[in-house]
Amino acid sequence: MITDARVLQDEFLPPEVEHRDQEINELSRALQPIEYGESAETAFLFGPSGVGKSCIARFTLSKLREEVSTVRYEYINCWQNHSSFSVLRELLRGLGDSIEIHRQSTPKDLLLERLREYEGEHYLVILDEVDQLENMSILYELYTSQNISMILIANREEDLFIQLDERLQSRLHSSRRIMFKRYHLPELTSILSDRVRWGLEEGVIKQDQLELIADAAAGDARKAIGILRSSAWMAQESGSGTISTEIIRDSIPDTEVELRQKNRDRLTSDQQTLLSIIEEEGGVSPGTLYDLYCERVDEPKSDRMVRNYLSKMRHYNLVEAKGEKRSRVYYPS
DNA sequence: GGTCCACAGGAAAGATAGGGTC
DNA sequence: GACCCTATCTTTCCTGTGGACC
């Protein structure tokens, strides 16, 4: 049934992208100066998860490389690399810099100096989840570096810009902002049709079943492809020649659990304990949450640290906070 | 209106971990 | 092996805010 499993993976880069022509054109225009040996405009891609921001960035970059094969690039996820040091380290690795990079023994300034000294081919940096950076000053350093251009990806413009100092805000004020909206049902259905065409045998799923998946995904392409992937595997394992509606209906909650589990796996042990308490309690005040957390772990972190954890978990929609100050209650998302 | 208390979040200092140097 | 250096993690201290109570 599955002829090419890669097509059903999140990181698959399709040969053609539909329903994002305007966004691709805008990003292409921002990157166009690279074709003439100049720096590109800094481009911001904003929008909720699953609307194709990372995909469009990578797709547009691949098209650019067809024109300018020498352009170098690096994709960095700032959730995994949230310090300036680790971003610089990844950037230099991307350049294949011969400098010995050790986690604890290479001064950040030295890494920055090496990057500034870079005089090779144009270097395009994609910083995904850029709002997760602990220190935004690295953006200023990259902005002012020769031969380096940036594509910055985040969910909400206001959440990102509130973290920038005046110097960065004024520099980035005129940058190109590209807003991504959720896919409409026909668009999502069409995206799924392409994936079916590229990765599944003909006739295994009907059009109305794709619409059912698209409807359940509510504009989120990542979720829609996840449901399709889960359904295809379930059908294949059951030995069925086609994907039944029943299998799709079963896959919808499974996919939600899978996506949630992916986010959960990124949490530390203390963060997972906090999440478990919130899920068990259904809704819990900060004080009670901290008391329960202290009872459950051998070496509890400080309440301030727990607030940091909760802030991060809220950002990733694992928990929800309702009310302010003393009326604050945490709920599972 | 004044006071207390719970809470959020910024800033700075301390603790820790891991690789380098001698 | 002891010490140094540095990034990262964590704690402490602090300020501001707003609800509850008198």
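Throughout, protein chains are lettered first and strands after them, A, B, ... in sequence-line order, and every chain is numbered starting at 1.
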ask   = Has the side chain of A:Asn147 got a donor or acceptor atom that lies under 3.5 Å from a matching backbone atom of A:Gly120?
value = yes
ask   = Does one side chain, of A:Ser276 or A:Arg264, offer a donor that lies under 3.5 Å from an acceptor on the other?
value = yes
query = Same cluster for A:Ile227 and A:Leu192 if Ile/Leu/Val/Met/Phe/Trp/Tyr side chains link at under 4.5 Å?
reply = yes
query = Quick one: does A:Gln236's side chain have a donor or acceptor within less than 3.5 Å of a partner on A:Ile2's backbone?
reply = yes
query = Whole Å only: how far is the OH atom of A:Tyr290 from the P atom of B:dC7?
reply = 12 Å
inquiry  = If we count only N and O atoms by modelled type, under 3.5 Å, do the side chains of A:Asn25 and A:Arg29 hold a donor and an acceptor together?
reply    = no
key: Rounded interatomic separation in angstrom, taking CG from A:Leu110 and C1' from B:dG20   = 14 Å
query = Which letter, B, S or -, goes with each nucleotide of nucleotides 15-22 of chain C from 5' to 3', with contact meaning a protein heavy atom under 4.0 Å?
reply = -BBBB---
request  = Using atom CG of A:Asp270 as one end and atom P of C:dC9 as the other, report the distance to the nearest whole Å.
outcome  = 13 Å
request  = Any chance you could lay out the side chain to side chain donor-acceptor pair (under 3.5 Å) test for A:Gln209 and A:Thr245, step after step, and finish with the verdict?
outcome  = CA-CA 6 Å; A:Gln209 291 175 317; A:Thr245 301; 3.1 Å; yes
request  = Say whether A:Asp128 and A:Ser54, considering side chains only, have a donor N or O and an acceptor N or O under 3.5 Å apart.
outcome  = yes
request  = Rounding to 10 degrees, work out the angle separating the end axes of the helix from B:dG1-C:dC22 to B:dC22-C:dG1 (five pairs an end).
outcome  = 20°
ask   = Taking the six-membered ring of A:Tyr183, is NZ or CZ of A:Arg20 closer than 6.0 Å to its centre and within 45° of its axis?
value = yes
remark   = CG of A:Asp10 to NZ of A:Lys262, rounded to nearest 0.5 Å, is 4.5 Å
ask   = Could you state the CZ-P distance from A:Arg328 to B:dG9, rounded to the nearest angstrom?
value = 6 Å
task = Using the salt bridge (charged side-chain N to carboxylate O under 4.0 Å, His left out) rule, take A:Asp220 and A:Arg222 through it: C-alpha gap first, then chi angles, then the decisive distance, then the call.
result = CA-CA 6 Å; A:Asp220 184 337; A:Arg222 188 175 296 154; 5.5 Å; no
key: Value in whole Å for how far the C1' atom of B:dG18 lies from CZ of A:Arg89   = 13 Å
key: Atom pair CE (A:Met234) and CG (A:Asp254), whose distance is rounded to the nearest 0.5 Å   = 5.5 Å
ask   = Between B:dA8 and A:Tyr330, is there an OP1 or OP2 to side-chain N/O distance shorter than 4.0 Å?
value = yes
request  = Please state how far atom CZ in A:Arg314 lies from atom C1' in B:dG9, giving the value in whole angstrom units.
outcome  = 11 Å
request  = Report the distance from atom CD of A:Gln271 to atom P of C:dC9, rounded to the nearest whole Å.
outcome  = 11 Å
ask   = What's the CG-P distance between A:Asn81 and C:dA7, to the nearest Å?
value = 15 Å
request  = Return the residues of residues 302-310 of chain A meeting this criterion: a heavy atom under 4.0 Å from some atom of DNA chain C. Order them by number, or give none.
outcome  = A:Ser302, A:Arg304, A:Met305, A:Tyr309
note = Looking only at C:dA7, C:dC9, B:dA8, the nucleotide nearest the A:Phe85 side chain is C:dA7
